[in-house]
Structure formats: C-alpha cells, structure tokens
There are 2 protein chains.
Amino acid sequence: MQTERQREIIEAAIHLIHHKGIQGLTIKNLAQAIGVTEPAVYRHFENKIQILIAILDVFRGNTANIFEQEQFRQVSALEKITHLFNEHFSTFTTNPALASVVFSEEIFKNEPLLLDKIMSVMSGNMAILRDIIQEGQANEEIRNDVPAEHLSWMLMGTLRLYIKNWQLQQHTMNLKSEGKKLIHSLSRILLP
Amino acid sequence: MQTERQREIIEAAIHLIHHKGIQGLTIKNLAQAIGVTEPAVYRHFENKIQILIAILDVFRGNTANIFEQEQFRQVSALEKITHLFNEHFSTFTTNPALASVVFSEEIFKNEPLLLDKIMSVMSGNMAILRDIIQEGQANEEIRNDVPAEHLSWMLMGTLRLYIKNWQLQQHTMNLKSEGKKLIHSLSRILLP
DNA sequence: TGGATGTTAGTTAGTATGAACTAACTTTGA
DNA sequence: TCAAAGTTAGTTCATACTAACTAACATCCA
C-alpha cells in the first residue's frame, strides 16, 4: 500500500515529466516540488527507479483498466470501441500529465525492467482491442475484409498520434469534442 | 556543407540514440565511437545542440523527402500512398537507427529550437499526406464519407505505431514484408 | 501515569560519478 | 610551414545517493 507522501511524490513526478520531460525528473526537482529536502525523498522510495515503477503502476491502473473494463460490458463491439476512445480522451483531458508518460516509451528505454513492464501493458491492451474487433467481426458488425490485427493497429495508432499531437500543440485543441468527431469517422471505417 | 568527420559524428550519434536512448548520447560515447578523444569532437561541432540539429537535418532529408517527392509523381493517389508507406518501411529497414530518432519527439523536448524544427517537419508531412488524400477524394478514388484530415491521422498514426512496435520488438519481425500486408489492408479501407 | 524505548520523517553536510566544455600544447599532412 | 585536427589535463556543474543527527510522536510497562 502507498502512503499519502508516496502518492504525492508520484503525482509530482508525473507533473515533472509532463512539463520538463524525463530529464526534468531529478530528485532535487522532486523534493522541491513537494517542499522537502532531497534526502527526505529517500525516506519514501528506495531509489529513483522505484519511483518510475510506481508511475508505471499508476499508468496501468488508469489506462489498462479502461481496456479491461470495456471488454466485459454487454454492448455491441462498436459501442465498446467508441466508449474506449471516449474514456481515453476524458482521462487525458482531466489528467494531461498522464498522457506524457503513457505514450513515451523512450522514458523507460534505459531500465530493462521498466521497458518490460510498459511493453506488457501495451501488448495486453492491444490484445483486448483485437478481441473486441474479432467479436464484432463474428457478429458481422465490423468489416471482415481486413484482419482484426490490422484494424487494431489502425485504431491504436490513430489514438496515440492524435493524443501526441494534442500534447505537442500544448492542449490548445479540445481533445474531447474534436476526439468525438474522429471517433465518428473511425467507426464509419469499421463498418462492413 | 558537411565534412567527412561531421557526417561520421552524426552517424555515430544516431546509432548511440538508437542503442542507448538519448541519455546514451554523450560527447564521451560519441568520441569513443569515432575513435578520438572528447575535445576532438568540439573541433567539428560547436556544442552538443549543433549535433542534435544536424541529426534533425538528416531526418528532414530522409523522411520529409519521401513525402515531398511522392506528391508530384504522376500516379493515382492510392498508388502514391502505397509507395509512401513502402518507402518508409524500406528506409527504416536499411537504417533502423533513423527510426529511433524520427519518432521520438521526447528526445528534443528540452530545446525549444529543436522541438520547433521537428514539429514543422511533422506538420509539413501531414499536410502533404492530407493533400494526396484530398486529391484521391476529388477523383472518387478514395472514400468521401470521412474527412481527409481524419484519414491522414489514421494513416500516419498506423505507420508510426507499426514502426514503433517493430522497434520495441528489436526488429525481429520483417518490416518490409509484414508492412506490405498492412498497406494492403489500409488501401482497402480507403476505397469508396 | 509517566519515564524508557522505538519509530517516522525530516534536516545538514557530505561523497562519488559523470556530464559538457575549455585552455594549452602537439602532431600531421598538403 | 601552417592550419586543421588531434592530445592531455583540467574546470565547473549537476546528479544520485549516503552518513549522521534530531524533533516529534507512538507504544509499552512498572
């Protein structure tokens, strides 16, 4: 279980990455952000890697759950996919800093442990999306002339690039409402 | 114009980023890679940022040109897009290190100058792709029920994620041949 | 109940390492 | 012969992390 301070540190770390990139995530900056001295941080985390691991767990908790929960809802495949996308746009609108971390595998490229973790979350999400598409194809709700695998690359790729662009534009566009239009186009493409 | 040594340094820098991430790009590693001592590097580049700028120029030269050259070929829009994708897969298969740099905006997040540069290349490429799609829509060669803007997000996003995945899998899959199948599915989706 | 003991979360003052970069000198090749 | 390209030996600064200590609080038991 996490203490209040640990949660505070993780939140500050995510914000640091968001605003200054991974190179801005230093223990000094982190300590400053929560208003203590550097060594105090080490009372709450053994080392910096443990902080990054904790960030990844927040990521898993937020993003992966969006996928997992969708999987078992009793609605059509297309509705699942639409809802999935909307949930993502909502989450990132509420917590833009999270998006910076989620789609930046580069951040974790150094530590193999971290890279493994982020890759397993990613491929898990992809598998769920593919299953939903396959289910839709079986119901003749989604086009069958293209492999589910390729459709899931397409959906996930579009989602990621769209969010990355929103980030690079410093959130000037309305991700939720513009996203709705994009989702509309994507579902049209999925139809048989 | 660039000297032989400068080209050698840039190539080594791209390889370092590829293998060790941006944090692996140090003057020390760079010097070691080309077989000289650290200060010798400064005979060829004023500072580290100039090296990163030079890397971005290589990127512009390789990737942006793929887009620009495509624009004016006398073939159908769909053929242009197919060719565009194949060219990318070829380029990155030949020079995998380049892909690491091209799709990692994080690397340049610190220096606003560099971020500006990479963003202008990106949005330029997107604009060209959108124009090609619009041309195809005008010819009734590409579906008209979805805005060209959204189709270009889709294509570019799919391309990027597919290549990123290939990277994360350490190039174990055959990007060129697997890519061909993906392209086939994507062109099917674009049809009216 | 209140002193002894332990714990939590912080401090100041450091270490070791590695980064970018520089000054001053030497080698080398057209 | 002299400029280009290299060297050695440094500087300065930032980083992750540690040692030693302390104030405030919690717990235990005679």
Side-chain angles (χ1 to χ4, degrees), chain A residues 1-56 100-101 104 106-115 117, chain B residues 1-56 100-101 104 106-115 117:
Chain A
M1 270 297 90
Q2 278 174 2
T3 65
E4 194 50 47
R5 246 316 189 228
Q6 283 175 321
R7 272 188 291 273
E8 200 185 344
I9 289 172
I10 292 165
E11 200 197 329
I14 292 175
H15 273 86
L16 275 172
I17 292 177
H18 176 57
H19 287 111
K20 304 187 183 180
I22 187 63
Q23 279 147 337
L25 180 64
T26 65
I27 303 298
K28 196 177 191 171
N29 289 347
L30 207 44
Q32 208 164 48
I34 63 168
V36 297
T37 57
E38 273 182 76
V41 174
Y42 289 94
R43 293 283 171 210
H44 305 279
F45 285 98
E46 205 190 321
N47 53 40
K48 197 178 163 179
I49 290 179
Q50 301 308 315
I51 296 175
L52 286 167
I53 288 177
I55 291 175
L56 272 187
S100 295
V101 180
S104 320
E106 317 306 313
I107 293 178
F108 307 103
K109 197 168 183 176
N110 295 332
E111 286 300 317
L113 180 71
L114 297 177
L115 193 60
K117 203 161 190 171
Chain B
M1 272 296 93
Q2 280 174 358
T3 65
E4 194 52 46
R5 244 323 186 224
Q6 283 175 321
R7 271 188 293 273
E8 200 184 345
I9 290 172
I10 292 165
E11 201 197 329
I14 292 175
H15 274 85
L16 275 172
I17 292 176
H18 176 56
H19 287 110
K20 304 188 181 179
I22 187 63
Q23 278 145 338
L25 179 64
T26 65
I27 304 298
K28 197 177 191 172
N29 289 348
L30 208 43
Q32 207 163 48
I34 62 169
V36 297
T37 57
E38 268 184 270
V41 174
Y42 289 93
R43 294 279 173 211
H44 305 280
F45 285 98
E46 205 189 322
N47 53 40
K48 197 178 164 179
I49 291 178
Q50 301 307 314
I51 297 174
L52 286 168
I53 288 176
I55 291 175
L56 272 187
S100 295
V101 180
S104 320
E106 317 307 314
I107 292 178
F108 307 103
K109 197 168 182 176
N110 295 333
E111 286 300 317
L113 180 71
L114 298 178
L115 193 60
K117 205 162 187 169

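So that the names make sense, note that chain A is the first sequence line, chain B the second, and so on, each numbered from 1.
Counting non-hydrogen atoms under 4.0 angstrom, A:Thr26 reaches the backbone sugars and phosphates but no base. Heavy atoms of B:Ile51 sit nowhere under 4.0 angstrom from any nucleic acid atom. At the heavy-atom level, A:Leu25 lies under 4.0 Å from the strands shown only through sugar-phosphate atoms.
The CZ atom of B:Phe45 sits 16 Å away from the P atom of C:dT22 (whole-angstrom rounding). Rounded to whole angstrom, the span from the CD atom of B:Glu8 across to the P atom of D:dG6 amounts to 9 Å. In this entry the distance linking CG of A:Leu30 with P of D:dA14 reads 18 Å, nearest Å. Put simply, CD on A:Gln6 is 9 Å from P on C:dA9, counting in whole angstrom units. In this structure, B:Tyr42 places its OH atom 19 Å from C1' of D:dA4, rounding to the nearest Å. Distance A:Gln23 CD to C:dA20 P: 10 Å, rounded to the nearest Å. The interatomic distance linking B:Glu46 (CD) with C:dA20 (C1') rounds to 13 Å, in whole Å. Counting to the nearest Å, the C1' atom of C:dG10 and the CD atom of A:Gln32 are 17 Å from each other.
The phosphate of C:dT8 has neither OP1 nor OP2 within less than 4.0 Å of any side-chain N or O from A:His44. Phosphate proximity of C:dT11 to A:Thr37: present, with a side-chain N or O under 4.0 Å from OP1 or OP2. At the phosphate of D:dG6, OP1 or OP2 sits under 4.0 Å from a side-chain N or O atom of B:Arg5.
Comparing D:dA16, D:dC21, D:dT7 by their nearest atom to the side chain of A:Arg43 picks out D:dC21. In this structure, the nucleotide among D:dG6, D:dA19, D:dT8 sitting nearest to the side chain of B:Pro39 is D:dT8. Proximity note for B:Glu38 (side chain, C-beta onward) versus C:dT12, C:dA20, D:dA20: the nearest is C:dA20. You'll find that the side chain of A:Ile27 is closest to D:dA16, out of C:dA20, D:dA16, C:dT11. Checked against D:dG6, C:dG10, C:dC21, the side chain of B:Lys48 finds its nearest nucleotide in C:dC21.
When atom types are taken as modelled, the side chain of A:Gln6 and the backbone of A:His44 share a donor-acceptor pair closer than 3.5 angstrom.
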